[in-house]
Amino acid sequence: MTALVARPARQRFAGQREQAVALVHFRLMVVMLMFAGITAVIALRLVMLWAFSDRPSGADALHGLVPPRADLVDRNGVVLAGTIDAWKIAVHPQKIIGDREAIAVRLAQLLPERSLDVYRRILHSPRKFIYLRHEALPELVQAVNAIGEPGIVFERETRRYYPQGSLAAHVVGWTDQDGKAASGMELSLDKRLLDPLRRNRAVALSIDSRVQAAVESELMAAITKFSARAGTGIVLDVHTGEVIAMASLPSFDPNAPAKAPIANLANQATLSVYELGSTFKVITVANAIDSGVVTDMHRRFDATEPLHIGRFTIHDDHPQRRFLDVPELLVYSSNIATARVADEVGIDRTRAMFHKLGFDRPVDIELGARGRPLWPQFWARVTNMTVAYGHGIAVTPLHLANAYASIANGGIWRPATLMRRDPDQIPSGRRVISAATSARMRQLMRLVVMQGTGKNAEVAGFRIGGKTGTAEKPHGGGYQRNALVSTFAAVFPMDAPRYVVVAMLDEPHGTVDTGGYATAGMVAAPIVGKIVARVGPLLGVIPDDRREVDMTGLENTIWKPKADKH
Amino acid sequence: MTVDEKTAPPKPAAIPVRRKRKAGAARLGRADRSPLGTWFWEIDRVLLLLVLVLISIGLVAVAAASPAATERYSNGAYQLAPLHYFYRQAMWIAIALPTLIFVSMLPKEVARRLALSGATFFFVMLVMVPLIGSEVNGAKRWIGVGFMQFQPSEFLKPLFVVMIAWLLSLRSRDASLPVVPLTGVILAVVAALLMRQPDFGQTVIFASVWIALLMLSGVSMRILAWLGAAGVGCVVAAYMFYSVATERINNFLFAQGDTYQTDRAFDTMVNGGLMGTGPGAGTMKFRLPEPHTDYIFSVIGEEFGLISCLAIAVLYLAIVVRVFVRLLHEEDEFLLLASAGLVTEFGLQALINMMVNVQLAPSKGMTLPFISYGGSSMVALSIGMGLLLAFTRSNPYLTRSPYVVKWSGR
């Protein structure tokens, strides 16, 4: 009972116990300091977050208020390219809790782009995350959500949308799957469209979608009627250089550019170069008048016989077999007389004029896809004669449109643009011909439509003037007789020019009502007439029978065998 | 103790019930000998106040996060009221707060025994989870159905701490008892069960608290160093062989895989700037997964500013410091270990959650104690905090450390 069993382990000296307590207290403080340290790190991190982190980008925070990419609108504010919200549908195959077979069947019904077997494989896939559909619309998202599978998830995404479809597709361009600009003004204006400070404001293009629609519809009708391979149409403001319409058909839908044939994606108005034929005669004549080679409209040039220069022979398509004055040269589109005029103008002045009109470099426009003109390697005497009527030099239709604008507007060349120009932004341009020459050329072009090859372009009251151009397409060193490029370049109203209209058909075929002819006067001139009749009033040009170009100085220039030609 | 017994008027309304009390004795005053009076006299009132402040902040924060969460879980067919989670949280607080008070009133001996039997009960439940548990978000952690669902690991956490503390405190009575290896085995079993769920975050907490308790119980630094090395080794091993950890850590270190959650949390956190967007004006919270639980700290950051986050971090630190400083004059080894363990567990969970939110740690499924929404976890936290309050209850004049300067002015 009284025996004491000593258990040394349980006996502690007072000092030892104090030491143990001191140790525990010491360690308590160590743990506490660790807490304090980690809290300090968190506090430091919070301060860093405040000081050094940007707030989430505007696109996220102000979602829906500021678009991630600015809209593109036409000159009147019609949206050509906008940004809308869409959804991505994806699946986490590992997280599916429902019946995979049933889900696969439902998915195959809702998203028919993949087969049932593919969906089975996707749902049993070992992968963590698979996209099922990009750019899904809300109804589809709702339907997929109704499957009730938490493994299927939805993510918001923004999608570039082109509400006008294929309208002005080549001008607007498109953005690729990842929303990156791929072509057209989307690409040219990419920086501006993405600029965080300016993307809340839409960018106005020079295009007028009403005019664009008219041009596209008339052009397409002609392409269909004449079984043409392609067609190009341009409407250009002669005073500002703004492109009001630019069509390259057949076109594509920028909402799904991958579905169109690759050839349709090219903008023929700025990328493709053509020998534009007789339309160049206007330039040659303007040059001749401006340089003083032709001072008298009654002066005649020999067009009785085809012209032999070395091994070349220059023929006329509508041979008159007589001497022609300058108005007759244009009205009957005489190659021979043009060659003789050009010979007198000379190589240097022809080259200088083409240079002033920008025919030696890609056309001045904001687009990236611009073709380089085919400029003659060597200017022989005969080269000078052929380029005078548009053979041996190839430029884009927009080059031609801009040259006509310069000739008709009083002689000032301005770079063309696809951006809407406010009155104070119009460049002063540079003079290519005198105002007097320009006035004379307006008379002459009007004469072509009144009495010459351009008769089919005449629309009462619109005072259209212009010039036809029918060129055979080059092929293997020669020319193909049955493959034509038929162009009509016009200006209206000729007494006070406002707009250039160029219509070009690539390889048109004659029909019964054109007598089998596919020449410009037969196939291209009517397009211009119809376009002008449709867009003239929209553009503020009211048809007026009481107005006409003053033909002073051209009296008795067109020889008529009888009292009336018809 | 602000009520002055001399000047405070008598409260006649209370007197009819408590006839025995001396007339003139102020309610909850030093002379109030009722259980409630005694409790209020002995309880660590500063700690209680801090916890109540935390719960209040939590209610406001859940109110802020609730619309974002309900929008996420609503759809065409099933609409939740915008403040659904706020009402639920208020309801759970109505259950949790009395639980907290009740537990903190238990005599220390009773509290210890109940905690030990509770630990055994929830340990069994944890074992049962793989058998009868239900799966949420790819992890099987929950037991029960509908309203009565709970995570056994949440409840086990404070009780486990008490159990380990008790086992380690036995060492002072008989140093020959192999308590350290024994607690190690218990931890290993619990950790294995947790990793199976999988719940990497809770495993880290259990292990860290165990190490902290070993350290406080006076285990030599040599063993601690070995344990620290083993801990690092375990994390490395988990990274290499445990797919959940591999994924989370890869996500964090190399921004690999699906970082959507953490990216959104970051956006939410920084969107408010220093002063916040103001209550209800947050926008990024709507893109945040789990805005009312794991990422509530980010929601607070967006709406109330980083300065509020700073204040909350300081509040958690204050709770930890308060308990640790008070423990400087606690000499009973069990009470010391249990209290220190409970507050360590509590503070650690808060720290990890905050570190995840400020992108200092890989994401884990862990809530911010007393602030995040969570029904059963609120009750579990209250039990833990109740136990802490019970263990730190003391007669303020009985033992007073000569090192601690009086600060209350009394």
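The shown structure was predicted, so the numbers you read here are calculated from the model rather than taken from an experiment.
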When A:Val41, A:Leu23, A:Leu33, A:Ile38 are compared by non-hydrogen pairs under 4.5 Å with chain B, the top option: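 Ranked by heavy-atom pairs under 4.5 Å with chain B, first place is A:Ile38.
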
Under a 4.5 Å heavy-atom cutoff, which of [options] has the most pairs with chain A?
options: B:Gly218, B:Ala340, B:Gly301, B:Gly305; value: B:Gly218
options: B:Leu306, B:Leu337, B:Val343; value: B:Leu306
options: B:Val314, B:Ile307, B:Val323, B:Val321; value: B:Val321

Reported [atom1]-to-[atom2] distance for the pair [X] and [Y], which is rounded to 0.5 angstrom:
X: A:Phe35; Y: B:Leu348; atom1: CZ; atom2: CG; answer: 5.5 Å
X: B:Arg326; Y: A:Leu28; atom1: CZ; atom2: CG; answer: 13.5 Å
X: A:Arg45; Y: B:Cys309; atom1: CZ; atom2: SG; answer: 12.5 Å
X: B:Leu310; Y: A:Trp50; atom1: CG; atom2: CH2; answer: 11.0 Å
X: A:Thr39; Y: B:Ile312; atom1: OG1; atom2: CD1; answer: 13.0 Å

Any donor-acceptor pair under 3.5 Å from A:Arg27 side chain to B:Leu216 backbone: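 Checked: no pair found.
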
Segment of A:Val30 engaging chain B (4.5 angstrom heavy-atom cut-off):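 Just its side chain gets close to chain B.
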
Proximal component of A:Leu46, with respect to chain B [non-hydrogen, under 4.5 Å]: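 For A:Leu46, the contact with chain B is made by backbone and side chain together.
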
Contact class of [X] relative to chain A, heavy atoms under 4.5 angstrom:
X: B:Ala212; result: neither
X: B:Ile352; result: neither
X: B:Leu336; result: side chain

With A:Asp253 via side chain to side chain contact (heavy atoms under 4.5 Å, CB included) - residues at least two apart: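 A:Asp253 satisfies side chain to side chain contact (heavy atoms under 4.5 Å, CB included) with A:Asn255 only.
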
Residue list, side chain to side chain contact (heavy atoms under 4.5 Å, CB included) with A:His124, at least two apart or on another chain: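 A:His124: side chain to side chain contact (heavy atoms under 4.5 Å, CB included) contacts with A:Arg100.
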
Residues 353-360 of chain B: residues contacting chain A (heavy atom under 4.5 Å, by number):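 Interface residues of residues 353-360 of chain B: B:Met354, B:Met355, B:Val358, B:Gln359, B:Leu360.
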
Minimum-distance pair of heavy atoms, taken over all atoms of B:Phe324 and A:Met29: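 Closest approach of B:Phe324 to A:Met29: O-CE, 4.0 Å.
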
Over 12 foreign heavy atoms within 6.0 Å of CD, A:Glu101: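 Enclosed: over 12 neighbouring heavy atoms sit under 6.0 Å from CD of A:Glu101.
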
Results of ring-ring contact (aromatic ring centres under 6.0 Å, His included) for B:Phe297 - residues two or more places apart only: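 So B:Phe297 forms no ring-ring contact (aromatic ring centres under 6.0 Å, His included) with any residue.
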
